[in-house]
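Predicted, not measured: the structure shown is a model, and the values here were computed from it. The figures here come from the full heavy-atom set of this structure, side chains too, leaving out hydrogens, waters and symmetry mates.
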Amino acid sequence: MSQEYRPKPPALAAPRLLDRLRDAIRTKHYSPRTSEAYVSWVRKFIVFHGKRHPDTMGGPEVKAFVTYLAVSRRVAPPTQNQALAALIFLYRHVLGRDIEKVTDLIRAKPQTRVPVVLSPEEVNSILQHLRGLPRLAATIMYASGLRLLECLQLRIQDIDFERSEIVVRGGKGQKDRRALLPAALASMLRAHLGALRQEHEARSKEGQGEVFLPETVSWRQAHESTEWRWQWVFPASRLHVPAEGGMKRHHLHETAMQRAFTLAVLRSRIGKKATCHTLRHSFATHLLEAGYDIRTVQELLGHRNVSTTMIYAHPARRTGALPISPLSGIALGSVPASARSGRPQP
């Protein structure tokens, strides 16, 4: 009796380079935004060198690409360093080659700029031109010093009214911290969450109460996606349909918040180039002006080093007024005509 023929299963195709890169980034538990940025820079690196495979290249090609970004594209120093970090990660953790040790790679010197700071009156003027969720989000960012995504990604369980604090989970550098929850904001937030809970209960009856859970949540807890504690403080108005599973709700998109804030700044006519992050700068500066210790401000902001917080320690941090210049002790007359015209005085 002849043996039954059984065809061999097809050989699995080797994962593509960018898929290997994504897997390596996910293994290191980097943020999704870092993953998107690294994949984008590796793709641009490959295209820049005529779609050659990175395994056939090395340090000289990386250096040429970074030089192109700095000289021809004139990218900002943080952008240049991010591109270099993406390529170093690719070679070290995906291709198994540490190009940083065998070549002299170019790193841009970081620039220290004085942050834009709003006065309390200017902050209030901007808030008056915001409505709905953007206004509440902007108020929390100024009251607690949160970054934009840290604020929009807040969940119900992160608000602790009893301890008057907000728990920031997975902030910059994947670090958790506690932030302030002022009493003046608590009543506004309670009213918002009360209305939100009624909406959630109504949506749950219609089968639309699921939200996206963090990647760190175990698959055994997947059924908790409809629970109240996992709901967003700032939910998006539309549902998202993922590739698998039913409809789920995401948080308010950052671009919607940025557009609303930019429009409010224009309408307030404050004359400053303010963004959502300016509220965080203003929070830190106003605390230092009120006399709080810089270490306390560092912990509230979640900075790793106090040197980062020092950019807010300008001369106005104690009294809110600049020191008196020694020029005030000199009696100045009228400006000479030669100085106004630009011609030297005879």
Side-chain angles (χ1 to χ4, degrees), residues 30-37 76 78-79 82 113 115-118 122-156 158-159 165-182 185 188-189 192-193 196 211-212 214-215 231-238 240 249-268 270 272-287 297-304 308-309 311-312:
Y30 286 13
S31 69
R33 286 180 169 269
T34 301
S35 176
E36 293 175 7
T79 304
Q82 184 190 60
R113 299 187 182 277
V116 177
V117 177
L118 302 172
E122 290 171 334
V123 172
N124 183 57
S125 177
I126 294 174
L127 294 179
Q128 296 303 319
H129 288 88
L130 289 170
R131 296 291 183 271
L133 291 185
R135 179 172 184 174
L136 179 59
T139 305
I140 291 179
M141 283 188 284
Y142 174 64
S144 308
L146 303 187
R147 299 178 178 90
L148 175 57
L149 274 180
E150 289 175 347
C151 180
L152 298 183
Q153 292 177 349
L154 288 175
R155 298 180 188 264
I156 302 301
D158 300 332
I159 309 298
E165 65 183 22
I166 297 174
V167 180
V168 179
R169 305 182 191 276
K172 189 173 182 179
Q174 295 300 307
K175 295 184 298 182
D176 295 356
R177 74 176 191 278
R178 290 180 171 87
L180 298 176
L181 177 57
L185 181 62
M188 183 191 306
L189 199 52
H192 168 67
L193 296 185
L196 203 62
V211 295
F212 287 94
E215 293 184 355
Q231 301 301 307
W232 303 107
V233 176
F234 300 101
S237 57
R238 298 179 181 178
H240 177 73
R249 193 171 300 276
H250 215 297
H251 60 75
L252 180 67
H253 201 272
E254 58 268 26
T255 56
M257 179 64 199
Q258 289 167 341
R259 285 195 297 266
F261 190 84
T262 301
L263 184 60
V265 171
L266 293 175
R267 289 177 174 174
S268 63
I270 61 174
K272 293 181 179 178
K273 188 179 180 180
T275 64
C276 293
H277 203 71
T278 305
L279 297 173
R280 177 175 163 89
H281 294 324
S282 305
F283 163 83
T285 301
H286 296 166
L287 284 184
V297 179
Q298 176 194 357
E299 293 179 2
L300 291 174
L301 294 176
H303 288 160
R304 179 179 300 176
T308 308
T309 318
I311 64 173
Y312 305 111

Closest approach of [X] and [Y], non-hydrogen atoms and distance?
X	Y	result
Pro235	Arg249	CB-CD, 3.7 Å
Cys151	Ala137	SG-O, 3.6 Å
Leu180	Ala143	CB-O, 4.2 Å
His253	Thr255	ND1-OG1, 2.8 Å
Ala138	Leu130	CB-CD1, 3.6 Å

If you look only at pairs with a residue in residues 133-143, which of them pass as a side-chain hydrogen bond (donor to acceptor under 3.5 Å, both in side chains), with sequence neighbours excluded?
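Residue pairs passing side-chain hydrogen bond (donor to acceptor under 3.5 Å, both in side chains), neighbours aside: Tyr142-His286.
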Distance (rounded to the nearest 0.5 Å) between [X] [atom1] and [Y] [atom2]:
X	Y	atom1	atom2	answer
Leu118	Ile126	CG	CD1	4.5 Å
Leu300	Ser144	CG	OG	9.0 Å
Arg177	His303	CZ	NE2	8.0 Å
Ser31	Glu36	OG	CD	8.5 Å
Leu146	Arg280	CG	CZ	8.0 Å
Asp158	Glu150	CG	CD	11.0 Å

Taking the side chain as C-beta and beyond, is there a heavy-atom pair between [X] and [Y] under 4.5 Å?
X	Y	answer
Leu196	Leu193	yes
Leu136	Leu185	yes
Met141	Leu148	yes
Phe261	Val265	yes
Leu189	Leu181	yes
Ile159	Val233	yes
Arg155	Arg169	no

Pairing residues for [X] by the side-chain contact (heavy atoms from CB on, under 4.5 Å) criterion, not counting sequence neighbours:
X	answer
Gln153	Leu149, Trp232, His251
Ala284	Val297, Leu301, Tyr312
Arg267	His129, Leu263

Say whether Thr275 and His277, considering side chains only, have a donor N or O and an acceptor N or O under 3.5 Å apart.
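No.
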Output every pair passing salt bridge (charged side-chain N to carboxylate O under 4.0 Å, His left out) with a member in residues 136-146, not counting sequence neighbours, ordered by first then second residue.
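Checked against salt bridge (charged side-chain N to carboxylate O under 4.0 Å, His left out) - neighbours excluded - no pair reaches residues 136-146.
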Any salt bridge (charged side-chain N to carboxylate O under 4.0 Å, His left out) pairs touching residues 122-132, not counting sequence neighbours?
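Those involving residues 122-132 are Glu122-Lys272.
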